[in-house]
Structure formats: C-alpha cells, structure tokens
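Remarks on the structure that follows.
Since this is a predicted model, take the numbers as computed values, not measurements.
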Amino acid sequence: MGRMSDLMIDMANESADDWINERLEDKNADEDSEEYRYWADQYYALQEHLHGQAELEFELKWLKEHGSSEIHKIFIEELHELKKIIGTRGSVNKPYLILRMAYSYAVTLLETFLSDSIKSLVTSDDKFFKNALKVDELSKAKYSLEFLALNEMNAKGLAVKELSSILYHNIPKVIRTYEAVLGKRLNIDMSQVDVITKIRHDIVHRNGKTKDGTLVHIDEEKILASIESIEIFAKELQLVINKNT
C-alpha cells in the first residue's frame, strides 16, 4: 500500500513537472528559479480549481437525480439508523460520549437535509431559482466576466455554490431562506429545533458545556425527544415543499 501511494505521488509530481516545463521560457530553469515557482503556483491553482469544478459537477448531477422527496426519505432513514446506534452505548466505557455524538449528528443530518433540499429546489425549477436571487448570499454575490469564463459555471451552479455557504444550523435564517425560495410565508414551529441546534453548539464547541460552564445533560430520553422534534420539523417543511412543487 505504501509503495502504491509513493508511486502515485511520483506520477503526480512528474505530471506537474511536465506541465511546468512546457511553459518555461528558460528551459534550464530549475525548481529554485522564480519562473519555475511562478508556473508551479499556476499549476497547483489550476488543480485546485479543477477539483472544485469536479465536486460541483458531481453535486449538480446528484441533485438532478435526487428530488426533494427522496432527499427527505434518505434523511429520515438515517435518523432511524441513528436511533439504533444510541441503543449500543452500553458496550462502551463512556456511554455519554455516544449520546453526545448522536445528538450532534442528528443536527448534522438536519443541516444536510435542509441544504440539499433547497439546492434541489433551485436547480430543478426556474421559478424557485428566480426566487432564490432574493436571498442575501445570492443577491450580493458579485462575479466578474473573467471569473465566469475561467470557472465555466452556469447560473444555477453559482446558486448552488452560494447556497452551500449558508449555515444551516441557524434555523431562523434557514426559514427565511426557504420562504424566499418558495415565495411564501412558512407557518412552521421552529422553536424546539432552534433550541436543539444551540445545544449541539455547546456539545461541539464547548465539550458539552454552556457559556457559563454548566454541563449539558444528555440522556436517551432527551435525545430521542430531540430526534422526534427534528423529524416533525422536517416533515412539516417537506409537506409545504410538496404542495408547492
């Protein structure tokens, strides 16, 4: 395995060296020369760009193949699998760690559902795409013609790129974003889920403690109730989406 990894690195380096040498005016320039370093920077910037393009194209393809209803179905299935994991905590020395991780991951699943679902709406329906232009992240995005040409992005690809930058654990902002895209007010109770995401922040960023140092208590009853609240919130949102698509 180690030899194969070394071989792949050598091949990548050889490819980079060939690309750079093709562009050198001074064919005797080596790795320490200013011209070589310039083209090396250009090469690795190009590779980073191509990697980003490939990821975006993959995401656009995935969104095209998976509608909002299927995204919701996958989300619910994974939440149910998470419940099974919670039941295994008796086999570890510190079961509270399983509960903390499960609590945090339940919110991560919700964030993914909210992100994928809204991007699916925007890429699948021109009406929602036009509505999305009212979202701050899109309306304030500025791209030059040079940027558009170099990145070969279409408008919906750029919309997905900007929508991916939204923090989907900020539930009030998420609701406003969905309202903008769907073009209607959402009468959905977000209070419980908003609290759940804040507790998740304490778990992830403060090792399970609040700002004042109080330990956040997570037991099986609390986490299962939180998952149920997340399911209800997502179901109500999905019902609104289904009625408008």
Side-chain angles (χ1 to χ4, degrees), residues 1-66 71 104-105 108-109 111-126 128-170 173-174 177 180-181 201 204-207:
M1 183 69 178
R3 290 181 181 178
M4 180 61 72
S5 178
D6 290 343
L7 177 61
M8 292 177 69
I9 291 172
D10 289 341
M11 290 174 65
N13 289 337
E14 183 178 348
S15 176
D17 197 52
D18 289 344
W19 188 92
I20 294 166
N21 284 323
E22 286 177 4
R23 288 157 177 78
L24 290 174
E25 291 185 11
D26 179 2
K27 297 304 180 182
N28 294 317
D30 59 19
E31 296 179 4
D32 294 326
S33 72
E34 185 175 341
E35 185 186 5
Y36 190 100
R37 289 198 300 271
Y38 168 80
W39 284 113
D41 289 342
Q42 296 300 307
Y43 176 82
Y44 289 110
L46 174 62
Q47 298 310 304
E48 185 176 353
H49 161 70
L50 292 175
H51 179 69
Q53 277 293 95
E55 286 189 337
L56 180 60
E57 288 170 9
F58 177 83
E59 181 171 13
L60 289 171
K61 183 175 181 291
W62 190 90
L63 290 169
K64 184 177 181 180
E65 294 173 350
H66 298 75
I71 290 170
S104 176
Y105 194 62
T108 298
L109 289 176
E111 291 178 30
T112 301
F113 161 68
L114 293 171
S115 175
D116 287 346
S117 188
I118 201 164
K119 287 185 287 189
S120 175
L121 289 173
V122 168
T123 55
S124 65
D125 192 310
D126 287 341
F128 297 137
F129 169 69
K130 290 176 183 177
N131 287 345
L133 299 178
K134 302 170 188 175
V135 176
D136 283 350
E137 281 75 9
L138 274 70
S139 65
K140 294 178 181 177
K142 304 296 182 184
Y143 296 102
S144 66
L145 291 176
E146 180 183 17
F147 177 90
L148 295 173
L150 288 173
N151 288 277
E152 300 176 349
M153 285 186 180
N154 59 36
K156 288 184 179 178
L158 287 171
V160 166
K161 178 180 173 66
E162 294 304 317
L163 287 169
S164 296
S165 68
I166 294 175
L167 299 177
Y168 286 89
H169 57 258
N170 184 339
K173 182 171 184 177
V174 168
T177 303
V181 170
H201 184 85
V204 173
H205 298 287
R206 300 192 186 91
N207 196 27

Worksheet item: What residues, two or more places apart in sequence or in another chain, satisfy salt bridge (charged side-chain N to carboxylate O under 4.0 Å, His left out) together with Arg206?
Response: Asp202
Response to the item:
Heavy-atom closest pair (Ala180 atom, Asn131 atom, distance to 0.1 Å) is O-CB, 3.1 Å
Worksheet item: How close do Glu35 and Glu25 get, heavy atom to heavy atom, and via which atoms?
Response: OE2-N, 2.6 Å
Fill in: From OG1 (Thr123) to CG (Asp125), nearest 0.5 Å
9.5 Å
Worksheet item: Which atoms form the tightest heavy-atom contact between Val174 and Leu167, and what is the distance?
Response: CG2-O, 4.1 Å
Worksheet item: What's the verdict on side-chain contact (heavy atoms from CB on, under 4.5 Å) for Val160 and Val122, showing C-alpha distance, side-chain angles and the deciding distance?
Response: CA-CA 8 Å; Val160 166; Val122 168; 5.7 Å; no
Worksheet item: At what distance, to the nearest 0.5 angstrom, does NE2 of His66 lie from CG of Asp116?
Response: 9.5 Å
Worksheet entry | Atom of Arg37, atom of Glu31 and distance for their closest heavy-atom approach | CG-O, 3.6 Å
Worksheet item: Roughly how far, to the nearest 0.5 Å, is CD1 of Ile71 from CG of Leu114?
Response: 11.0 Å
Item to complete: Apply the test side-chain contact (heavy atoms from CB on, under 4.5 Å) to residues Lys119 and Ser164: give CA-CA distance (whole Å), side-chain angles for both, the deciding distance (0.1 Å), then the verdict.
Response: CA-CA 8 Å; Lys119 287 185 287 189; Ser164 296; 3.0 Å; yes
Worksheet entry | Pairwise distance CD1(Ile118) to CZ(Phe113) - rounded to 0.5 angstrom | 10.5 Å
Practice prompt. Kindly indicate, with the supporting measurements, whether the criterion side-chain contact (heavy atoms from CB on, under 4.5 Å) is fulfilled by Asn21 and Tyr36.
Written response: CA-CA 8 Å; Asn21 284 323; Tyr36 190 100; 4.1 Å; yes
Discussion item. Looking at Thr108, is its backbone amide N or carbonyl O close enough to the side chain of Thr112 to form a donor-acceptor pair, meaning the two atoms are under 3.5 Å apart?
Written reply: yes
Worksheet item: From Ile20 CD1 over to Tyr44 OH, what is the distance, rounded to the nearest 0.5 angstrom?
Response: 6.0 Å
